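A quick note: this is a predicted structure, and the numbers were derived from the prediction, not measured. Ligands are counted one by one from 1 in listed order, and the atoms in each one are counted from 1 as well.
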Amino acid sequence: MFIVQKYGGTSVGSVERIQAVAQRVLATVSEGHNVAVIVSAMAGETNRLTTLAGAMGGTRNHREMDVLLATGEQVSVALLSMAINAAGGEAVSFLGHQIRMQTDSAFSRARIRAIDARALHGALSNGKVPIIAGFQGQDAEGNITTLGRGGSDTSAVAVAASLQADPNFDDDVCCEIYTDVKGVFTTDPNICSEARLIKRITFDEMMELASLGAKVLQIRSVELASKYRVALHVRSSFTQEGGTMVVHDDEGFEKVVVTGVSLDRDQARITVRDLPLAPGTQADLFGPLGELGVVVDMIVQNPPLDGRTNLSFTLPRTALSQTLELLEPLMAKLGAKTRSDDDVCKVSIVGVGMRSHAGVAQKMFSVLAKEGVEILMISTSEIKVSCIVALRYGELAVRALHAAFELGVG
Ligand code: ADP
Ligand code: ASP
Ligand code: MG
């Protein structure tokens, strides 16, 4: 078996933890497996670097932000490689550009285009474990890029997919994501003590949970693993337990109605009042936001009155100030007023079983009503229902929904 192991920030957060990771890597090698390792920056490092950039007034300088943030992973690959060598193994570190992790040029949220696994092949055939910096790549001009917060998960899946596709490697490839919880839970175990480990979850459900705030896997890593059929296994780096397998929908899979509850705190709402309605109004409003790279989520437009309407939409809170700067002058020109709320969050329930069950959304609404939580916006898809609520009610709502849908019961 070829095992690609990814260790997150907490798993490499101290000297002792890096040494424990080195032991785990060596144990996997001694079981006879081929191993490649992807690591994140040490816990807290990416945030520390972001704060430093803020002090310089540099967070909008996207190119330099990526140069800065990529250093976190450079430290961890070197340290882990040293720890493995000190423990009697053989390892060699690689930065993104050294395995030609090619991305587009969208700084801070770059997408991977290709990887050249030949460098890894060289290390492996010399009996060395490649230790690869997650989260970073390079664009066609050689600029350093990063893949967005949590992006090391995506680096790991991309390496696994490229090894799987490489005719030089004929092993079965598996990607193990080692983190600070035992796997994927019915909800964030740090919010709800009743959360239960899910042993098998479908890619569809995992994609919804990840996109709705369950940061245990970056959404793009799940998309990539699903597309290239990479076996994905989420586990704890602190224990030996089995964790969660992310699987394609198989028959015989017990389809519970609701599989998980998630909370996304990175949410804000903008409301535009008295917007004059004409063909193209919405395109004029959202076009510039798209160009800015702002990902708009829910959009609600009220029925027009006297040719004017009110329209609300949600977006990541981190993009709020930049969006308002752009939007306010545009809207003022149209005689419309803009207001924003940055104290909202999104609570969602997810489950493939919803496809064939009625009344799930209604149950969610009653549970929130019973807790006195006002729903500000709603959106649904085949397998999820999301509600925007006040940020202060987010955790309460998660716990109430988790209990009402009996997710803690094994
Ligand atoms: P890493 O640094 O290993 O990449 P992250 O902090 O990115 O770890 O992701 C792990 C965290 O994801 C957990 O500590 C937990 O708080 C959070 N989380 C949110 N939702 C879930 C969920 N449904 N299952 C497991 N963890 C979750
Ligand atoms: N170090 C990056 C982050 O904190 C990437 C990662 O951890 O996956 O977001
Ligand atoms: Mg992560």
Side-chain angles (χ1 to χ4, degrees), residues 5-14 17 21 38-51 65-66 68-77 96 108-110 132-137 145-159 176-199 201 205-222 234-238 243-244 246 258-266 318 345-351 384 394-395 398-399 401-402 407-408:
Q5 298 188 330
K6 177 259 168 175
Y7 292 92
T10 319
S11 309
V12 293
S14 66
R17 288 204 167 149
V21 167
I38 282 76
V39 277
S40 295
M42 294 171 76
E45 181 61 8
T46 312
N47 290 342
R48 188 185 75 84
L49 294 167
T50 306
T51 308
M65 275 304 284
D66 281 8
L68 179 70
L69 295 192
T71 62
E73 273 68 15
Q74 177 160 351
V75 171
S76 355
V77 281
S108 83
R109 54 192 155 81
I132 303 158
F135 181 54
Q136 54 174 262
T145 54
T146 64
L147 308 179
R149 297 306 301 264
S152 300
D153 299 332
T154 305
S155 311
V157 172
V159 167
E176 297 182 334
I177 305 285
Y178 284 94
T179 183
D180 56 1
V181 289
K182 283 182 190 162
V184 180
F185 282 73
T186 46
T187 193
D188 187 340
N190 291 318
I191 295 180
C192 178
S193 56
E194 305 287 301
R196 192 168 46 84
L197 181 72
I198 305 171
K199 294 204 169 120
I201 187 166
E205 289 172 317
M206 194 62 238
M207 254 184 268
E208 290 284 4
L209 280 179
S211 72
L212 296 169
K215 66 170 183 162
V216 61
L217 286 176
Q218 197 198 36
I219 170 80
R220 282 187 195 159
S221 71
V222 190
V234 184
R235 311 178 62 177
S236 164
S237 62
F238 307 138
T244 303
V246 188
V258 174
T259 306
V261 183
S262 64
L263 174 64
D264 188 346
R265 293 186 178 89
D266 181 20
T318 37
C345 63
K346 181 165 64 180
V347 185
S348 312
I349 53 173
V350 172
K384 71 122 202 257
E395 295 198 2
V398 165
R399 286 191 283 266
L401 291 165
H402 194 269
L407 295 179

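Counting heavy atoms closer than 4.0 Å to ligand 1, residue T179 contributes atoms from both its backbone and its side chain. The residue E45 has no part lying near ligand 2, judged by heavy-atom distances below 4.0 Å. With a 4.0 Å heavy-atom cut-off, ligand 1 is reached by the backbone of T187 but not by any atom from C-beta on. When heavy-atom distances to ligand 2 are checked against a 4.0 Å cut-off, S40 comes that close only through its side chain, counted from C-beta outward. With a 4.0 Å cut-off on non-hydrogen atoms, Q218 does not touch ligand 1 at all. Under 4.0 Å from ligand 1, not a single heavy atom of S11 appears. Contact annotation for V216 and ligand 1: heavy atoms of both the backbone and the side chain come within less than 4.0 Å of the ligand.
Close N/O approach between V181 and ligand 1 is not found [any backbone or side-chain N/O within under 3.5 Å]. Residue K6 has at least one N or O atom closer than 3.5 Å to an N or O atom of ligand 1. An N or O contact shorter than 3.5 Å links G150 to ligand 2 by distance. Taking only nitrogen or oxygen atoms, main chain and side chain alike, D180 reaches within less than 3.5 Å of ligand 1. For ligand 1, the polar-atom distance check against D188 finds a nitrogen or oxygen pair separated by under 3.5 Å.
Here is the list of ligand 2 atoms found below 4.0 Å of a heavy atom in R149: 3 (C), 4 (O), 9 (O). Within ligand 1, counting atoms from 1 as listed, the ones closer than 4.0 Å to a heavy atom of A214 are 19 (C), 20 (N). Near V184, the atoms of ligand 1 lying under 4.0 angstrom from a non-hydrogen atom of the residue are 24 (N).
Taking a 4.0 Å cut-off on heavy atoms, G183 registers as neighbouring ligand 1. Distances shorter than 4.0 angstrom do not occur between any heavy atom of G134 and any atom of ligand 2. Taking a 4.0 Å cut-off on heavy atoms, E73 registers as neighbouring ligand 2.
Atom 7 (O) of ligand 1 has as its closest protein heavy atom K215 O, 3.5 Å. In this structure, the protein non-hydrogen atom closest to atom 24 (N) of ligand 1 is F185 N, 2.9 Å. From the protein, the heavy atom lying nearest to atom 2 (O) of ligand 1 is G9 N, 3.1 Å.
Distance alone, capped at 3.5 Å, is enough to place a donor-acceptor pair between the E73 side chain and the A41 backbone. Side chain of T154 to main chain of S221: a donor-acceptor pair is present (N/O by atom type, distance under 3.5 Å, no hydrogens or angles). Proximity of a side-chain donor or acceptor of Q136 to a complementary backbone N or O of A70 within less than 3.5 Å is detected. Put simply, the side chain of S11 never gets that close to the backbone of S237: no donor and acceptor are under 3.5 Å apart.
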Practice item. Go through R17 and T10 one step at a time and tell me if the side chain to side chain contact (heavy atoms under 4.5 Å, CB included) criterion holds. Key: CA-CA 8 Å; R17 288 204 167 149; T10 319; 3.4 Å; yes
Practice item. Could you walk me through whether I201 and L209 pass side chain to side chain contact (heavy atoms under 4.5 Å, CB included), step by step? Key: CA-CA 10 Å; I201 187 166; L209 280 179; 3.7 Å; yes
Practice item. Please report the C-alpha distance between M65 and T50 in whole Å, then the side-chain angles of each, then the deciding distance to 0.1 Å, and finally whether the side chain to side chain contact (heavy atoms under 4.5 Å, CB included) criterion is met. Key: CA-CA 8 Å; M65 275 304 284; T50 306; 4.2 Å; yes
**Study point:** side chain to side chain contact (heavy atoms under 4.5 Å, CB included) evaluation trace for T186 with I198
**Key:** CA-CA 6 Å; T186 46; I198 305 171; 4.0 Å; yes
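A pairwise comparison of heavy atoms in T187 and C192 identifies CG2-CB, 3.5 Å as the closest pair. In terms of heavy atoms, P189 sits closest to V181 at CG-CG1, 3.8 Å.
Side-chain atoms of H402 and R196, non-hydrogen and from C-beta on, never get closer than 4.5 Å to each other.
Tested against D153 for a side-chain hydrogen bond (donor to acceptor under 3.5 Å, both in side chains), the candidates Q218, K6, R220 yield a single pass: K6.
The closest side-chain donor-acceptor pair between D66 and T146 falls under 3.5 angstrom.
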